[in-house]
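Notes for the one structure printed next.
Because only heavy atoms are used, hydrogens play no part in the values below, and waters and symmetry mates are left out as well, while side chains stay in. Below, chains carry the letters A, B, ... as their sequence lines are ordered, and counting in each starts from 1.
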2 protein chains.
Amino acid sequence: MANILIIEDEASIQRMIEYDLKQLDYTVELSSDGKDGYNKAKSDHYDVILLDLMLPSMNGLDICKKLRNRDVESYIIMLTALSDEYDIIKGFEAGADDYMTKPFSPRELTARIKAGLRRTQTFKKEDKISYQGLIIKPSSYEVFKNNEKIELTLKEFELLLYLVKNRGIALSRDQLLTNLWGFSYDGDSRIVDVHIFKLREKLDKDSTWLKTVRGIGYKIVKTD
Amino acid sequence: MANILIIEDEASIQRMIEYDLKQLDYTVELSSDGKDGYNKAKSDHYDVILLDLMLPSMNGLDICKKLRNRDVESYIIMLTALSDEYDIIKGFEAGADDYMTKPFSPRELTARIKAGLRRTQTFKKEDKISYQGLIIKPSSYEVFKNNEKIELTLKEFELLLYLVKNRGIALSRDQLLTNLWGFSYDGDSRIVDVHIFKLREKLDKDSTWLKTVRGIGYKIVKTD
DNA sequence: TTGTTGTGTTAAGATTCTGTTAAGAAAAAA
DNA sequence: TTTTTTCTTAACAGAATCTTAACACAACAA
């Protein structure tokens with residue numbers, strides 16, 4: 001689901017956070033030491049990093065700065081007893097996304113973690129994509145419209161998925177062909193129109209959201 | 001630089017924040033009313049929204065939820081006197097990115113705003129060009145005038161986009177033709193006039209910003 | 001002022017683009 | 001293999017858009 005790294009030397013706090021997060025099905029890793037934590041973090045495969053400021057061997061601010069210098073984009077939440085305005089600002093200047101002072105509410109922490117994940121998780125692989133009344137399941141190649149299963153052929157499915165993933169963007173026939181049929185496809189680009197027609201027939205008879213962009217191609221409107 | 005919307009009904013706080021942010025060269029807009037604030041915010045052209053929770057006409061939590069449902073991706077910081085764990089969690093569940101309780105340190109607020117901008121600006125790349133009350137979205141081929149969608153044909157859209165991108169510069173018909181119709185176009189150059197006329201009809205009836213440069217061609221006046 | 005040139009505006013005709021259908025080709029299943 | 005399903009092509013009609021041509025008016029120069 002999501003990977004979280006906790007760099008914190010107080011064992012009691014470590015355990016408390018770890019427990020809460022595991023309850024929520026996150027994958028949690030621990031580090032009690034600054035250097036060790038930094039080495040783990042720089043791999044950039046954590047979605048969220050909880051970072052204490054006062055640590056053995058390397059302090060939290062430096063860790064944060066160095067990570068940002070390496071383009072690590074994990075969502076970093078600083079956790080510290082330092083509640084001075086000055087310290088807080090230093091924390092943000094070092095590149096933190098959020099800052100919590102101890103003692104803190106565990107629930108608030110998890111709420112802040114979730115908020116951070118919401119922001120970073122754009123490239124998270126979805127198992128289910130919702131759009132209007134539709135549910136698309138890429139792994140099983142199924143589509144439901146108002147909870148009723150709709151049978152689509154493979155090309156129809158791929159086309160729908162691609163359009164929904166790129167909702168709000170007008171996609172040219174050529175773009176669709178190279179992305180869905182492969183760059184070497186050299187047939188008639190109007191094959192796209194035929195599939196669009198089929199999709200509309202099955203899912204959007206009135207073209208309320210699967211729109212034609214005349215002269216360009218097609219797009220799915222962003223919901224409001 | 002960055003656009004910030006403040007939805008807050010306490011004038012004193014409004015002014016304080018506004019002052020600080022303007023010092024930092026941010027573009028600031030204010031709203032003291034829930035519905036009004038919501039209407040402004042849903043245009044999604046603010047990078048950060050500071051949102052009070054207790055507001056006239058529509059409460060902050062609902063505003064936040066509705067904005068997220070509309071895919072508004074602004075970085076939302078809730079500002080409120082409610083410091084209860086329960087309220088904070090409600091705030092995050094509604095889709096907030098951050099939550100500050102009053103009274104707060106102005107410096108901390110700006111630090112948090114900067115942190116939010118750092119994040120949104122790296123990820124957000126939905127292209128959008130604003131001019132006067134217009135919003136032009138090249139990726140979806142859409143144009144909005146005061147948040148109302150205006151239907152343009154492809155040529156009209158391309159012409160508008162080109163003019164706006166080159167605002168302040170008088171463009172000859174030949175320039176427009178070679179750039180928008182292609183260098184091999186050999187029709188009547190007055191085709192441009194017809195499209196300009198259509199654009200004015202739809203967007204600028206009084207020619208307040210889409211000007212004729214007699215003997216040359218057309219230009220859009222520069223306002224910033 | 002008058003003539004000349006350039007632009008605004010309109011409408012009709014030409015052209016391009018898309019929706020739709022059906023039939024043959026290709027691929028998958030039986 | 002045969003049967004079934006899916007994909008692709010081709011064609012046509014209708015719609016949307018673009019272009020031309022014409023006229024009236026405005027701006028400018030002499």
Side-chain angles (χ1 to χ4, degrees), chain A residues 141-143 149-163 170-221, chain B residues 141-143 149-163 170-221:
Chain A
Y141 288 84
E142 286 175 309
V143 173
K149 187 169 173 182
I150 307 290
E151 297 294 341
L152 297 185
T153 69
L154 181 59
K155 275 272 153 21
E156 287 162 12
F157 182 87
E158 290 175 337
L159 181 56
L160 174 68
L161 183 60
Y162 191 80
L163 285 164
L171 299 160
S172 70
R173 293 183 180 73
D174 279 341
Q175 263 176 295
L176 294 168
L177 286 174
T178 51
N179 283 296
L180 301 175
W181 274 258
F183 71 96
S184 59
Y185 180 81
D186 68 340
D188 188 344
S189 74
R190 294 213 53 216
I191 180 67
V192 174
D193 303 32
V194 178
H195 283 104
I196 290 281
F197 172 70
K198 295 281 169 60
L199 273 180
R200 282 179 175 151
E201 219 172 25
K202 292 180 182 179
L203 298 170
D204 186 34
K205 289 213 176 66
D206 311 321
S207 298
T208 49
W209 46 267
L210 180 41
K211 300 283 192 189
T212 304
V213 183
R214 195 159 220 276
I216 303 294
Y218 299 92
K219 75 169 177 191
I220 282 182
V221 297
Chain B
Y141 289 84
E142 287 173 310
V143 172
K149 187 170 172 181
I150 307 290
E151 297 293 342
L152 297 185
T153 68
L154 183 60
K155 274 271 154 21
E156 287 162 12
F157 182 88
E158 291 173 337
L159 180 56
L160 174 68
L161 183 60
Y162 191 79
L163 286 164
L171 299 160
S172 71
R173 293 183 179 73
D174 279 342
Q175 261 176 297
L176 294 168
L177 286 174
T178 50
N179 282 294
L180 301 175
W181 273 258
F183 70 96
S184 59
Y185 180 82
D186 67 341
D188 188 343
S189 75
R190 295 214 51 220
I191 181 67
V192 175
D193 303 31
V194 179
H195 283 103
I196 290 282
F197 172 71
K198 294 281 170 58
L199 274 180
R200 282 180 175 150
E201 215 172 28
K202 291 180 181 179
L203 298 170
D204 186 33
K205 289 212 176 66
D206 311 321
S207 299
T208 49
W209 44 267
L210 180 40
K211 301 285 191 187
T212 304
V213 184
R214 195 160 214 274
I216 305 293
Y218 299 92
K219 74 166 179 191
I220 282 182
V221 296

_Would you say Tyr185(B) places a side-chain N or O within less than 4.0 Å of OP1 or OP2 belonging to dC18(D)?_
no

*asked:* Counting the atoms with a prime plus P, OP1 and OP2 as sugar-phosphate, which does Arg200(B) contact under 4.0 Å by heavy atoms, base, sugar-phosphate, or nothing?
replied: sugar-phosphate

*Output the distance between atom CG (Leu163(A)) and atom CD1 (Ile196(A)), rounded to the nearest 0.5 Å.*
5.0 Å

*Do the side chains of Glu158(B) and Leu154(B) get nearer than 4.5 Å, heavy atoms only?*
yes

*Do Lys149(A) and Glu151(A) touch side chain to side chain, with heavy atoms closer than 4.5 Å?*
yes

*For Ile196(A), report the nucleic acid contact type (base, sugar-phosphate, nothing); a contact means any heavy atom under 4.0 Å.*
nothing

_What's the separation between atom OH in Tyr218(B) and atom CG in Leu176(B), rounded to the nearest 0.5 Å?_
9.5 Å

*Take atom CG of Leu159(A) and atom P of dC7(D), then tell me their distance rounded to the nearest Å.*
11 Å

*Roughly, in whole Å, what's the span from CG in Asp193(A) to C1' in dC7(D)?*
14 Å

*Euclidean distance, atom NE2 of residue His195(B) to atom P of dT20(D) [Å, nearest integer]*: 11 Å

*Selected nucleotide, minimal atom distance to Trp181(B) side chain, candidates dA22(D), dT19(D), dT9(D)*: dT19(D)

*Starting at the 5' end of DNA chain D and moving along, which residue's nearest nucleotide shows up first, Lys198(B) or Arg190(B)?*
Lys198(B)

*For Thr212(A) and Arg200(A), does a side-chain donor sit closer than 3.5 Å to a side-chain acceptor?*
yes

Polar atoms only, N or O, under 3.5 Å: list the protein pairs with nucleotides 28-30 of chain D and their distances.
none

_Distance, rounded to the nearest Å, where Leu154(A) contributes CG and dT8(D) contributes P_ = 10 Å

_With a cut-off of less than 4.0 Å, is there a side-chain N or O of Thr153(B) near OP1 or OP2 of dC18(D)?_
yes

*Find the distance Leu152(A):CG to dC7(D):P and express it as a whole number of Å.*
10 Å

*asked:* When you compare the side chain of Tyr185(A) with that of Leu180(A), does any pair of heavy atoms fall below 4.5 Å?
replied: no

*Give, for atom OG1 of Thr153(B) and atom CG of Leu199(B), the distance between the pair rounded to the nearest 0.5 Å.*
8.0 Å

_Nucleotide pairing, DNA chain D (Watson-Crick or G-U, distances under 3.5 Å), in dot-bracket with [ ] and |_ = ||||||||||||||||||||||||||||||

*Test Phe157(A) against every option in Leu159(A), Leu160(A), Leu161(A) by the side chain to side chain contact (heavy atoms under 4.5 Å, CB included) rule and name the one that passes.*
Leu161(A)

*Take atom CD1 of Ile191(A) and atom P of dA11(D), then tell me their distance rounded to the nearest Å.*
15 Å

*Could you check whether Val213(B) gets within reach of a base, just the sugar-phosphate, or nothing at all, counting any heavy atom under 4.0 Å?*
sugar-phosphate

*Provide, to the nearest angstrom, the distance between the CG atom belonging to Leu180(A) and the P atom belonging to dC7(D).*
12 Å

*asked:* Does Phe157(B) reach a base, just sugar-phosphate, or nothing at all? Heavy atoms under 4.0 Å.
replied: nothing

*Taking the side chain as C-beta and beyond, is there a heavy-atom pair between Ile216(A) and Leu171(A) under 4.5 Å?*
no

*Grab the CZ-P distance between Arg173(B) and dC18(D) for me, whole Å please.*
18 Å

*Please list, in 5' to 3' order, the outermost nucleotides of DNA chain C lying under 4.0 Å from any heavy atom of chain A.*
dC17(C) to dT21(C)

*Give the C-alpha distance, both sets of side-chain angles, the deciding distance and a yes or no for side chain to side chain contact (heavy atoms under 4.5 Å, CB included) between Leu177(A) and Ile191(A).*
CA-CA 9 Å; Leu177(A) 286 174; Ile191(A) 180 67; 3.8 Å; yes

*Under 4.5 Å between any side-chain heavy atoms of Lys202(B) and Glu156(B), yes or no?*
yes

*Would the number of heavy atoms belonging to other residues, nucleotides or ligands and lying under 6.0 Å from OH of Tyr141(A) be above 12?*
no

